[in-house]
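Below you'll find the structure, written out as structure tokens, and then a few comments.
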Amino acid sequence: MACDNQEKNLSICNCSYEPCSRKGRCCECIVYHRRNGELPACYFTDTQERSYNRSISYFVKCNS
Ligand code: SF4
């Protein structure tokens, strides 16, 4: 199913994990990471995001 907002979302997406099929599909992205106890890339800086550590504990560590 096409996402009407995908191009707009991609323009502000900082995720560098290119193979991901959820890029620009923010609703799918957040459901995927929430299910895994994680946060999407956009919660992290570009440098932090490239670690691919999306855990909540890493987010807390980065922001403490
Ligand atoms: S944050 Fe995760 S689900 Fe979202 S586009 Fe990046 S790798 Fe895919």
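Just follow the structure's listing: the first ligand is 1, and inside any ligand the first atom is 1.
- Residues S55 and S57 bring a donor and an acceptor atom of their side chains to less than 3.5 Å of each other.
- Those atoms of ligand 1 that come under 4.0 Å of a heavy atom in C20, given as number and element, are 3 (S), 5 (S), 7 (S), 8 (Fe).
- Using a cut-off of 2.8 Å, one finds that C29 contributes no N/O/S atom close to atom 8 (Fe) of ligand 1.
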- prompt: What's the verdict on side-chain contact (heavy atoms from CB on, under 4.5 Å) for V60 and S64, showing C-alpha distance, side-chain angles and the deciding distance?
  reply: CA-CA 6 Å; V60 170; S64 296; 3.7 Å; yes
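- Counting the atoms of ligand 1 from 1 in the order shown, those under 4.0 Å from a heavy atom of Y17 are 7 (S).
- Between F44 and Y58, the ring planes are parallel. Angles under 30° get that label, and only those over 60° would be called perpendicular.
- Taking atom 5 (S) of ligand 1 as the reference point, the nearest protein heavy-atom neighbour is K23 CG, 3.4 Å.
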task: Tell me, with the steps shown, if Y32 and C20 meet side-chain contact (heavy atoms from CB on, under 4.5 Å).
output: CA-CA 11 Å; Y32 173 80; C20 184; over 6 Å; no
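- Residue contacts with ligand 1 for H33 involve side-chain atoms from C-beta outward but no N, CA, C or O (heavy atoms, distance under 4.0 Å).
- Near C15, meaning under 4.0 Å from one of its heavy atoms, ligand 1 places the atoms 1 (S), 5 (S), 6 (Fe), 7 (S).
- Side-chain atoms of N14 and E49, non-hydrogen and from C-beta on, do get closer than 4.5 Å to each other.
- Of all atoms in ligand 1, numbered sequentially from 1 with element shown, those under 4.0 Å from a heavy atom of A41 are 1 (S).
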K23 and Q6: CA distance, side-chain angles, deciding distance, side-chain contact (heavy atoms from CB on, under 4.5 Å) verdict: CA-CA 8 Å; K23 278 187 74 116; Q6 189 164 13; 5.7 Å; no
